[in-house]
Structures are given as structure tokens and as C-alpha cells.
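The figures that follow rest on heavy atoms only: side chains count, while hydrogens, waters and symmetry mates do not. Note that ligands are numbered from 1 as they come in the structure, with each ligand's atoms numbered from 1 the same way.
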Amino acid sequence: MRNYHARPTGSHFIAGLYVEDDDGTPIEVIYPATGQKIAEVHAATPAVVRHALDAAQRAQPAWAAMSGTERGRILRRAADMIRARNRELSELETLDTGKPIQETLVADATSGADALEYFGGLAGALTGEHIQLAGGDFVYSRREALGVCVGIGAWNYPTQIACWKAAPALACGNTMIFKPSETTPLSALKVAEILTEAGAPPGVFNVVQGMGEVGAALVSDPRVAKVSLTGSVPTGQKVYAAAAAGVKNVTMELGGKSPLLVFDDADIESAVSGAILGNFYSTGQVCSNGTRVFVQKGIKAAFLDRLAERLKNAVIGDPLDMATNFGPMVSEGQLNIVLNYIAKGVAEGARLVAGGKRVARDGFYLEPTVFADVTDDMTIAREEIFGPVMCVLDFDDEAEAMARANATEYGLAAGVFTRDIQRAHRVAAGFEAGTCYINTYNDAPVEAPFGGMKLSGVGRENSKAAIEHYSQLKSVYVKMGPLDAPF
Ligand code: NDP
């Protein structure tokens with residue numbers, strides 16, 4: 001293993017400094033490509049959690065009192081620093097997650113930098129309104145910070161998730177305590193370090209490690225005004241309920257089982273690209289993946305043929321090798337979850353047309369897997385697998401496809417491939433999903449709102465919409481003349 005000088009030097013980052021408390025439960029950091037331990041952090045003890053909450057609370061009023069332009073300048077400086085250190089941060093992200101370096105160089109630190117730049121740019125433009133009333137009276141609204149926010153992340157995009165939450169929160173004058181997934185604890189620490197180097201005052205962005213109970217302790221603390229979670233639906237339900245007890249604001253970015261519709265008139269090559277991007281990028285560990293690929297019967301055979309051809313181009317290997325385009329699963333646990341789903345698919349009668357097996361090498365590698373002849377009632381068509389498993393279903397007409405696409409409790413994303421422009425927009429309008437794609441799949445630029453409907457979530461990340469979720473409006477009524485009263 002190379003010696004990565006970029007490794008964080010402590011478990012937590014609080015009040016501008018790395019913090020260690022060896023009393024916390026040790027958490028081993030495993031490199032998914034080898035199964036070897038590469039680092040160890042400690043879960044936050046109650047004392048560390050208290051320290052983070054104190055630091056975030058202490059820092060918040062002064063941070064909110066700065067002008068938006070000043071706050072934004074710090075965020076934009078952090079974005080520049082992240083871009084300048086992209087190589088080193090991408091290597092760390094690869095070590096944390098096992099994702100191929102050819103992905104992490106373009107999709108992780110860089111998208112985090114985009115968020116910091118975008119919200120840094122918006123920070124100085126945040127305003128309230130002036131509302132004229134009768135007789136010269138008026139109301140003005142002030143857009144104010146919420147206070148201390150908690151961010152809790154999943155393990156698939158640790159740098160991006162930290163930045164997607166930190167950037168709008170900090171732009172609006174909040175401070176944040178971020179808890180990464182215990183599986184991928186390293187990258188968020190570097191985000192905290194860089195924000196501090198960029199000028200964020202101590203306590204503005206803090207990172208604490210730990211399992212679910214550390215997240216739960218943060219969520220239930222009365223000093224916390226808002227919780228933003230990226231995770232599974234069952235965790236989302238728990239965290240939402242805990243936040244509700246304190247009537248806290250929430251953003252919930254949860255799981256999905258998204259449909260991807262391919263009509264007879266689609267460009268097959270693009271549709272196959274969409275299905276590959278929507279099932280195998282990041283080894284299939286993407287919440288918005290289009291895992292139910294509905295292909296119209298007229299092109300089903302051609303679609304499956306081209307897919308089989310293109311799968312031969314998957315390069316499974318060392319994620320730090322630029323040639324590798326398909327890496328390991330994040331952990332042995334996740335690999336076993338996915339292998340169980342594959343076994344269920346076979347047992348329930350789906351036709352395995354590609355992959356399905358663990359790869360014979362060190363680490364947590366699984367072949368890109370495709371099932372055909374999947375039916376709506378099969379477990380693999382109903383439950384989120386969160387791995388490289390594509391289910392191909394077929395359909396006769398649009399009405400049938402739409403009804404089946406929407407027959408899920410999830411509503412994160414949905415896609416359609418067709419050359420018929422009216423059908424494309426009709427289908428997009430009919431999808432019960434927060435993020436829809438026409439002739440593309442899984443783009444997530446910071447300029448566009450991202451989030452789910454139904455069980456897939458509440459609130460939106462990215463775009464101007466995120467500002468609404470990290471700020472609150474205060475209305476100030478102003479009387480311009482004498483005030484009457486009944487007596
Ligand atoms: P989990 O729901 O298991 O965990 C998410 C985070 O919540 C982790 O940091 C976890 O800690 C923490 N957590 C667990 N229990 C609690 C609790 N009671 N209170 C507070 N925090 C808690 O998700 P995974 O990490 O396994 O990630 C995969 C899931 O995330 C998938 O369902 C996927 O769809 C979803 N996801 C959604 C995205 C979106 O934007 N909509 C994007 C990426 C993923 P720990 O695990 O360390 O114990």
C-alpha cells in the first residue's frame with residue numbers, strides 16, 4: 001500500500017482541529033479492493049459529541065453575522081483548493097469507497113467543489129422581500145439561518161455528500177456537524193480541513209465519526225435545528241421521527257427502485273449507455289439508479305444483444321489503475337446483501353444473462369449482473385439492491401409501462417429513452433419521481449434540484465431550492481401611522 005500523505009490525522013474534526021478520543025469504539029477502515037485495513041478511527045464518545053455541538057453552537061452567531069459575500073468567498077476559496085488537490089482527494093475517495101480513480105477524479109471532489117462554488121456564489125445574493133401594505137404600511141421578510149445543522153451521510157459518495165450538505169448550510173449562515181458513514185469515514189475530514197484552511201472559523205464545519213447511535217445522539221439534541229440525511233428508507237424513517245419530536249427541519253435523501261423506460265423508437269446505443277450508467281457506475285451503488293429497465297418488446301432482443309456486447313468492455317481491476325472502470329463493492333457486508341438478492345432472483349425464476357458471481361480475487365468484487373425476463377412481483381424488481389444488478393423487464397405499450405413504472409413505494413428518479421418528443425415529455429410528466437431523465441441518466445449537476453418523492457425523500461438538495469431548506473423567513477410588520485385599538 002502506498003503511503004498517502006493526504007490521510008487525515010485524527011478521527012474527528014471539531015472547532016478547526018483534528019480531535020482524538022481513544023475511548024471511542026475503534027472503527028476499522030477497509031480498502032474494498034484488497035480487504036486490508038488501511039486506517040482506524042474511533043467512534044465519537046458522548047464527550048466528543050458534546051464538544052462538537054458546543055463548537056457548532058458557539059460559532060454560529062458570528063458566522064451568520066458575516067455578510068453573505070464574505071461567507072461565499074470562503075466557500076469559493078475551498079472549492080478552488082479542492083480542485084487544486086483533486087488528485088490527492090480522489091485517491092482518498094478511492095481508498096474510502098473502492099470506486100475507480102477514473103470516476104473519483106471527475107465525480108467526487110470535483111462535484112463537491114461545484115457545490116461550494118455554486119452556493120458560495122449564491123450566498124451574497126440571499127435576500128428577503130419587501131411587501132407593500134395599505135396606507136404605506138409594509139412588511140419585510142428576513143431570510144435567516146436555522147442554526148446548528150446535522151448532516152448524516154451514506155457511504156457511496158462521502159466527499160460529495162459532505163459538500164452537498166455543507167455548501168448550502170454554510171452559505172445560509174448555519175454551522176454543521178457532519179457524521180459520515182462508519183464505512184467511509186476519511187473523506188469528510190479532508191473537506192473539514194480544507195474549509196478551515198480556506199478561512200471558515202473554528203466550529204463552522206465539524207466532523208464526528210460513529211455508527212447510527214452517534215447520528216441518533218446528534219439528531220435528538222435540542223440545540224440542533226435541522227437534520228439532513230442521505231441513507232436508506234428505514235434509517236430515514238427513524239431519523240425523521242426523531243427530528244419530528246423536536247419539530248426540526250429535515251431533508252431526507254433516501255433510497256429508490258427507479259424505472260428506466262426504453263421505447264421501440266429509442267436510439268439503442270444511447271439507451272444501452274443509459275442502462276449501463278444507471279446500473280453499473282460506482283459498481284451500482286447509486287441511490288438514483290434506474291434498476292428496473294423496462295424495454296418495449298420490439299427491441300428487447302436487440303437491446304439485450306448490445307448490452308451483452310458492451311459488458312465485455314467492463315474492466316474489473318485495481319481501482320487506482322486508470323484503466324479500471326468497474327471496482328469492488330464498498331464492503332463485504334454489502335457484497336453479501338447483493339449476492340443474496342442475486343440468489344433470490346435466480347430462485348424466483350428471473351433469467352440470469354450476465355454476471356452473478358463474486359470475482360475470484362482479493363477484495364469485494366462482484367461481476368456486473370443482468371437479469372432478463374424479470375416480472376414486477378419478483379423481490380429483485382421490488383426492493384432496492386444497491387449493487388450492480390440490472391433487472392430487464394418488457395412491456396407492450398406506454399400506458400402499461402407507466403402504470404408499472406409508478407407501482408412502487410419509491411420515487412427518487414426515472415428515465416425514458418425515445419425519439420418521440422411528445423411522448424418523452426408526457427412520460428416525464430407522468431413519472432412519480434423527483435428527478436427525471438429524457439435520453440440520459442443519472443446526471444446530477446449542482447444547478448438542478450435533486451431529491452425524491454414518496455418514500456424516497458423530503459426536500460431537495462442542490463440548486464436554489466436547497467436554500468429554502470437551510471434558511472427560514474421572518475416577517476417584520478411596520479406601521480407607518482398612528483395605531484388604533486378598540487379601547
Ligand atoms: P444507512 O441508512 O444504513 O445509513 C445512512 C447513515 O445514517 C449512516 O451514516 C448511518 O450510520 C446513519 N444512521 C444509521 N442509523 C441511524 C440512526 N438511528 N440515527 C441517525 N443516523 C443513523 O444507509 P447506507 O450508508 O447503507 O447507504 C445506502 C442507502 O443510502 C441506500 O438506501 C441508498 O439508496 C441511500 N442513498 C440515497 C441517496 C440520495 O441522495 N437519495 C444517495 C446515496 C445513498 P452507520 O452506517 O455508520 O451506522
Self-check item: Spacing of I30 atom CD1 and K37 atom NZ [to the nearest 0.5 Å]
Solution: 7.5 Å

Practice problem: Considering only non-hydrogen protein atoms, determine which one is nearest to atom 12 (C) of ligand 1 and report residue, atom name and distance to 0.1 Å. | Solution: I152 CG2, 3.6 Å

Exercise. Around atom 35 (C) of ligand 1, find the nearest protein heavy atom and jot down its residue, atom name and distance.
Key: G231 O, 3.0 Å

Quiz item: Should you measure from each heavy atom of G215, which atoms of ligand 1 turn up under 4.0 Å away?
Solution: 19 (N), 20 (C), 21 (N)

Practice problem: Show which atoms of ligand 1 fall inside a sub-4.0 Å distance from at least one heavy-atom site of G255. | Solution: 32 (O), 34 (O)

Exercise. Have a look at ligand 1 and work out which part of L412, if any, has a heavy atom under 4.0 Å from it: side chain, backbone, both or neither.
Key: side chain

Quiz prompt | CD on E91 to CD1 on I101, rounded to 0.5 Å | solution = 5.0 Å

Quiz item: Are any of the side-chain nitrogens in R358 or E367 under 4.0 Å away from the carboxylate oxygens of its partner?
Solution: no

Quiz item: At a non-hydrogen distance cut-off of under 4.0 Å, which region of V286 contacts ligand 1 (side chain, backbone, both, or neither)?
Solution: neither

Self-check item: Closest protein heavy atom (residue, atom, distance) for atom 11 (O) of ligand 1
Solution: K179 NZ, 3.0 Å

Practice problem: Report, in ascending order of atom number, the atoms of ligand 1 lying under 4.0 Å from any heavy atom of A216. | Solution: 19 (N), 20 (C)

Quiz prompt | Salt bridge present between K179 and E213 (N-O < 4.0 angstrom) | solution = no

Quiz item: Are any of the side-chain nitrogens in R50 or D221 under 4.0 Å away from the carboxylate oxygens of its partner?
Solution: no

Quiz item: Out of curiosity, T104 OG1 to Q160 CD, how far, rounded to the nearest 0.5 Å?
Solution: 12.0 Å

Quiz item: Considering only heavy atoms of G210, which atoms of ligand 1 have at least one such atom less than 4.0 Å away?
Solution: 47 (O)

Quiz item: Quick check, are the ring centers of F205 and W63 under 6.0 angstrom apart?
Solution: no

Practice problem: Measure the CD-OG distance between E253 and S228 for me, rounded to the nearest 0.5 Å. | Solution: 7.0 Å

Quiz item: Rounded to the nearest 0.5 Å, what separation is found between the CG atom of D96 and the CG atom of N156?
Solution: 11.5 Å

Practice problem: Please identify which atoms of ligand 1 are closer than 4.0 Å to at least one heavy atom of T230. | Solution: 5 (C), 36 (N), 37 (C), 38 (C), 39 (C), 40 (O), 42 (C), 43 (C), 44 (C)

Self-check item: Taking atom 45 (P) of ligand 1 as the reference point, the nearest protein heavy atom with its distance
Solution: E182 OE2, 3.6 Å

Quiz item: Short list, please: which atoms of ligand 1 are under 4.0 Å from a heavy atom of A154?
Solution: 25 (O), 27 (O), 30 (O), 44 (C)

Exercise. Look at atom 41 (N) of ligand 1 and say which protein heavy atom is nearest, naming residue and atom and giving the distance to 0.1 Å.
Key: L254 O, 2.7 Å

Practice problem: Would you tell me which option among C287, G457, A413, G153 has the nearest heavy-atom contact to atom 39 (C) of ligand 1? | Solution: C287

Exercise. Run the salt-bridge test on E383 and K257 with the 4.0 Å N-O cut-off and return the result as yes or no.
Key: no

Quiz prompt | Within reach of ligand 1, part of F386 (heavy-atom separation under 4.0 Å) | solution = side chain

Self-check item: Closest candidate by heavy atom, reference atom 2 (O) of ligand 1, pool A243, A444, S232
Solution: S232

Quiz item: What protein heavy atom is closest to atom 17 (C) of ligand 1, reported as residue, atom name and distance in Å?
Solution: G212 O, 3.6 Å

Practice problem: May I ask you to check if ligand 1 and N156 share an N or O to N or O distance below 3.5 Å? | Solution: no

Quiz item: Going by heavy atoms, is V233 under 4.0 Å from ligand 1?
Solution: no

Exercise. Give a yes or no answer on whether the side chain of R382 reaches the backbone of T408 with a donor-acceptor pair at less than 3.5 Å.
Key: no

Quiz item: Any nitrogen or oxygen of E384, main chain or side chain, under 3.5 Å from a nitrogen or oxygen of ligand 1?
Solution: yes

Quiz prompt | Atoms of ligand 1 close to T235 [distance to a heavy atom under 4.0 angstrom, numbered from 1] | solution = 1 (P), 2 (O), 3 (O), 7 (O), 13 (N), 14 (C), 15 (N), 16 (C), 22 (C)

Practice problem: Check ligand 1 against F450 and write out every atom of the ligand that is under 4.0 Å from a heavy-atom position of the residue. | Solution: 40 (O)

Quiz item: Between D376 and R292, does at least one N-O distance fall below 4.0 Å, as a salt bridge requires?
Solution: no

Quiz item: Which residue, P180, P158, P8, forms the side chain to side chain contact (heavy atoms under 4.5 Å, CB included) with L189?
Solution: P8

Quiz item: What protein heavy atom sits nearest atom 24 (P) of ligand 1, and how far away is it?
Solution: W155 NE1, 3.4 Å

Exercise. Any chance you could measure R460, atom CZ, to F450, atom CZ, to the nearest 0.5 Å?
Key: 9.5 Å

